Amino acid sequence: MTVHPFPIRRTTYNIIMYRTKTCGELRLANIGEKVTLAGWVQSIHNLGALTFVDLRDRYGITQLAFNEDASEELRQQAGRLGREFVVQAKGEVAERYSKNKNIPTGDIEILVTELNILNESLTPPFTIEEESDGGDDLRMKYRYLDLRRPNVRKNLELRHKFAFEVRRYLDQHGFLEIETPVLVNSTPEGARDFVVPSRMNPGQFYALPQSPQTLKQLLMVSGMDRYFQIVKCFRDEDLRADRQPEFTQIDCEMSFVEQEDILQMFEGMSRHLFKALKGIDIPELPRMTWADAMKYYGSDKPDTRFGMKFVELKNNQPDNASREIVESIFPAGFQVFDDAAYIGAICCEGQAVYSRKQLDELTDFVKRPQIGAKGLVYARVQEDGNVKSSVDKFYTPENLEVLKEKMNAKAGDLILILCGPDAMKVRKQLSELRLEMGSRMGLRPKNKYSCLWVIDFPMYEWSDEEQRLMAMHHPFTSPKPEDIPLLDTDPASVRANAYDMVVNGVEVGGGSIRIHDAKLQQKIFEILGFTPEQAQQKFGFLMNAFKYGAPPHGGLAYGLDRFVSLFAELDSIRDCIAFPKNNSGRDVMLDAPGPIDQKQMDELCIRLK
RNA sequence: GGUGCGGUAGUUCAGUUUGGUUAGAAUACUAGCCUGUCACGCUAGGGGUCGCGAGUUCGAGCCUCGUCCGCACCGCCA
């Protein structure tokens, strides 16, 4: 991505010329020009009679030189400078005696004739360079200094370009950007709400939107047809590296569409973004059913930068992911396999070189509490084609040959096997192992992108905590028409017209075709355990609207922060947010949240417990 | 709500295993020297509530308990 040089020019409104050029644009071609620069002092090199000052702004670094021609007064001024002082320098562009190949302006310098210190600065608490010596916490406390660093600045520039290209694409396709309110009301289901007390309505609370979901559906009822909004959303849940309490969605909705229309429209948007921002032509997005994603990758957001798909060696519990019984390929004899309901394996190409110690370490990895496997069975295919495994004493070479063929393994490959009583749990464990092996084998480079649609999500998932079915997506998602009869007989197996876009194992967006029929919506609320009164109270506005001619509609929402993080190849979404919150949801720079005055509390009729 | 790791100079860290003299390094900062630096170089100097509190001990940066803070993860996140 290129940043356009700031077009500095004299205008009638800009009488005071702080600068005529930026610190990033001067080249050999400018030699002899008289220029004025302004910026921050990056570094000072005092060689006695000779002083160099690197001046930095958003656009780059330009060296100021104070040499033998400089007046005594100028040299003394230069001697008073410190890091991060704000200065204005006037002088002539000259070719350097010794050039710096590391920066674009490295061929020239400014022979300074006038220096004005516009502001002084304390010594910053960390170095303001590409690789800072400051820790995360410190840099967040002084985020305004952290943002002076070129890499953080570049992330924000990329984010700007990303949002800009989103607007360009959606505008070209007839979408209207419409703002929806931030003060709305609390919704059942979903995440915890951030709430805002209402002074004029004592004892009553607004809630900040977790997403503008219902509002955009109302816009469809209004006939707005194609809507989008780049909008802040709020969820009061615990944070992660890829999760912030306030985050930005690209929220979209269309009327008179089926799932196919949505997938194509937004596949087009992703293609546009990859092309415009990364110069990458991405192939047509493959579509994978949720059932296949779970069966072959153990995840609803598979990282498809690499293969290593699961092979089911046994499954005696047909479920939503694998609807058929798979007889064990192993004869009885090994208690652990005999007792397991599910046995799954991955084949790691060329990894038979793993030593006993490394395999023990992998075993420890899958036994960690957050993964929770009981153990790991491995089998190495040796150079002679024979299989050497950790279960040799239970099985014959012929048994292991069957395994090798089933896994499509060849000499030098390593087969890793997990098993257990619950297929879904083992799949999740195997998924963690697959990702770990993929990382170790260098198959997940950040600059390689693999995108896909995961489709046909289940409508519901069982909540142990609530002891009831919960909407997997949200309660406004429509079931697949052919599965509607199952709503009465087997709701857990009903599939939804819901879809996620997954990039490199990250869910960057998701959506669904909505229910536009008030009666069907009523039925879905019933299955979710709402009484008609509760449904009316919480979603009456939507149900009423649906009685006045709701068009068929659907849409999706992208997580802007996550998508930008992928493009910027970041580990954490915090790095593409100007002022992010920390792990505990605090803004350490503002020291928010904080207490409020008793007077405010009284006005709001709020008393602390 | 839970698990793990961490908190020592402005900053990044070592020191904690085995408690024991004046707590170190690098970098940053200050001063001096240096005519082509760009990780400048050389010399000297200043800089510490070892997160906080309690306990054990003749003695605690080090051991114990509690607590606060940070990071990663599990639960949670329609």
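Order of the sequence lines fixes the chain letters, A, B, ..., with proteins taken first and strands second; residue numbering starts at 1 for each chain. On a predicted model such as this, the values are computed, not experimentally measured, just so you know.
- If you measure from atom CG of A/Asp146 to atom P of B/rU12, you get 12 Å, rounded to the nearest angstrom.
- Distance, A/Arg83 CZ to B/rU27 P: 14 Å, rounded to whole Å.
- Residues from residues 523-542 of chain A with heavy atoms under 4.0 angstrom of RNA chain B: there are none.
- In this entry the distance linking CG of A/Asn102 with C1' of B/rC38 reads 8 Å, nearest Å.
- Shown here, B/rG55 forms a base pair with B/rC63; the pair counts as Watson-Crick or G-U wobble because both key distances fall under 3.5 Å.
- Within 4.0 Å (heavy atoms only), A/Gly372 reaches no atom of the nucleic acid at all.
- Of all the residues in residues 41-56 of chain A, A/His45, A/Asn46, A/Leu47, A/Gly48, A/Ala49, A/Leu50, A/Phe52 reach under 4.0 Å from RNA chain B with at least one non-hydrogen atom.
- The same atom, C1', is picked in B/rC71 and in B/rC65; the two are 24 Å apart, to the nearest Å.
- Contacts of A/Pro125 with the nucleic acid, taken as non-hydrogen atoms under 4.0 Å apart, involve only primed sugar atoms and P, OP1 or OP2.
- Distance A/Lys101 NZ to B/rC38 P: 15 Å, rounded to the nearest Å.
- The nearest whole Å value for the distance from the CG atom in A/Leu138 to the P atom in B/rG10 is 12 Å.
- Searching all strands for a Watson-Crick or G-U wobble partner of B/rC77 with both distances below 3.5 Å returns nothing.
- Across all strands, A/Lys99 comes closer than 4.0 Å to base atoms (heavy-atom distances).
- RNA chain B is contacted by both A/Glu95 and A/Pro369; A/Pro369 maps to the nucleotide lying nearer its 5′ end (nearest heavy atom per residue).
- Atom CG of A/Asp69 and atom C1' of B/rU35 are 12 Å apart (whole Å).
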Under 4.0 Å protein heavy-atom contact, by nucleotide of nucleotides 66-73 of chain B - B base, S sugar-phosphate only: ----SBBS
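- Contact annotation for A/Glu109: base contact, defined as any heavy-atom pair under 4.0 Å involving a base atom.
- Between A/Glu68 atom CD and B/rG36 atom P there is a gap of 10 Å when expressed in whole angstrom units.
- Base pairing annotation: B/rC71 forms a Watson-Crick or G-U wobble pair with B/rG4, both donor-acceptor distances under 3.5 Å.
- Of the nucleotides present, B/rU43 is the one that pairs with B/rA31 by Watson-Crick or G-U wobble criteria, both distances under 3.5 Å.
- Judged as a salt bridge (Lys or Arg N to Asp or Glu O under 4.0 Å), the pairs with a partner in residues 419-430 of chain A (not counting sequence neighbours) are, in order, A/Glu312-A/Arg427, A/Asp319-A/Arg427.
- Side chain of A/Arg96, nearest nucleotide from B/rC77, B/rC29, B/rG36: B/rG36.
- Within 4.0 Å of A/Gln210, counting heavy atoms only, lies no atom of the nucleic acid at all.
- Contacts of A/Asp364 classified as salt bridge (Lys or Arg N to Asp or Glu O under 4.0 Å), with partners at least two apart in sequence or in another chain: none.
- With sequence neighbours left out, the salt bridge (Lys or Arg N to Asp or Glu O under 4.0 Å) criterion links A/Asp238 to no other residue.
- The interatomic distance linking A/Lys301 (NZ) with B/rC77 (P) rounds to 13 Å, in whole Å.
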